[in-house]
Amino acid sequence: MAGRVPLMAGNWKMNLSHIDALGCLQKLAWTLADHHYDAARSECVVLPPFTDLRTVQTLVEGDRLPIRYGAQDVSPHDDGAYTGDISADMLVKLGCTYVVVGHSERRQYHGETDEIVNAKARRCLAKNLVPIICVGEGLDVRKAGDQVAYTVAQVRGALAQIPASAMADLVIAYEPVWAIGTGEVATPEDAQEVCGAIRATVAELYDAPASEAVRILYGGSVKAGNIVALMAKPDIDGALVGGASLNPEEFAMITRYYDLPM
Ligand code: PEP
């Protein structure tokens, strides 16, 4: 993990209205402050629904909270007749730092292909937003033992035409689909196997400095009880957290994983 600041990103998915967001974020900030949270040791990020972003911006900026935030999706287009879409410029104006692209739920329910994921990632980078590019295999692929080849192919597709210089401003989240929201977490060894292969792929596509700069997260039923063992693995630089991020106390513990017992 040398030189890479761990990142704990809470994907709220389609949960919490802008009113609920206030309470959740305040509780998260208070809990972190109570425990002398140090942002240099791990970055705390929330990814609320679009409708919460203005409220989150107001609270984070007004109270100078040590929390960054972002969106769960972005349009690959600049502007125009794309009903229902949200542009990167709009997210920049709302103070977003991060954007999730290619989450398995968007790939599954909205037909997002590697090409679309790549276009969205490039749009983010063009606007100085950090894309969190999600990749990961389904249960059938895992059962066939093809998880590395499958995930690496997704990474190659997502990184097409993206230069080596962008790797420090880009995050890849390995999220095996069978572990998302199921309570079934990949073992640290399983997660490391694929995260290590992702880093090796970045080295192969670019060079060693690029592969050392890119942050690779694990996602899939992460909780306070399993984060420490995951973070002990050399190629896991943080977590993309779904369900557990809706509980501010638990998410604060995950963020401060370094204070938790092994
Ligand atoms: C996710 O939605 O990205 C996720 C990892 O969800 P959960 O932590 O609930 O498995």
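When a ligand or atom number is given, it counts from 1 through the structure's own listing order. No hydrogens, no waters, no symmetry mates; every other heavy atom, side chains included, goes into these values.
Annotation for ligand 1: atoms under 4.0 Å from non-hydrogen atoms of Ser221 are 7 (P), 8 (O), 10 (O). Atoms of ligand 1 lying under 4.0 Å from any heavy atom of His103, numbered from 1 in the order shown and given with element: 1 (C), 2 (O), 3 (O). Each of the atoms 5 (C), 10 (O) of ligand 1 lies under 4.0 Å from some heavy atom of Gly220. Atoms of ligand 1 lying under 4.0 Å from any heavy atom of Ala179, numbered from 1 in the order shown and given with element: 10 (O). Using a 4.0 Å cut-off to heavy atoms of Gly181, the atoms of ligand 1 that qualify are 7 (P), 9 (O), 10 (O).
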Test side chain to side chain contact (heavy atoms under 4.5 Å, CB included) on Glu112 and Val101 and set out the steps.
CA-CA 9 Å; Glu112 291 197 7; Val101 297; 5.8 Å; no

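The hydrophobic clustering, which links ILVMFWY residues whose side-chain heavy atoms are closer than 4.5 Å, places Leu94 and Val45 apart. Note: the hydrophobic cluster containing Val100 does not contain Phe251 (ILVMFWY, side chain heavy atoms under 4.5 Å, direct or indirect links).
Residues Thr31 and Asp34 bring no donor and acceptor atom of their side chains to less than 3.5 Å of each other. For Gln154 and Asp114, the side-chain atoms include no donor-acceptor pair closer than 3.5 Å.
With atom 3 (O) of ligand 1 as the reference point, the heavy atom nearest to it among Glu175, Glu184, Lys223 is part of Glu175.
Two residues are said to be in side-chain contact when any heavy atoms from C-beta on lie closer than 4.5 Å; Glu189 and Lys233 meet this criterion.
At a 3.5 angstrom cut-off on N or O pairs, Val241 does not count as close to ligand 1.
Note on Arg4 versus Glu212: no salt bridge recorded, every NZ/NE/NH1/NH2 to OD/OE distance being 4.0 Å or above. Salt bridge Asp38/Arg256: absent, no basic N to carboxylate O contact under 4.0 Å.
Using a 4.0 Å heavy-atom cutoff, Ala244 is absent from the residues neighbouring ligand 1.
The parts of Ile180 lying near ligand 1 are both backbone and side chain, judged by heavy-atom distances below 4.0 Å. With a 4.0 Å cut-off on non-hydrogen atoms, Ser245 does not touch ligand 1 at all.
Scanning all protein heavy atoms for the shortest distance to atom 9 (O) of ligand 1 gives Gly243 N, 2.8 Å. Among all non-hydrogen protein atoms, the one lying nearest atom 8 (O) of ligand 1 is Gly242 N, 2.8 Å.
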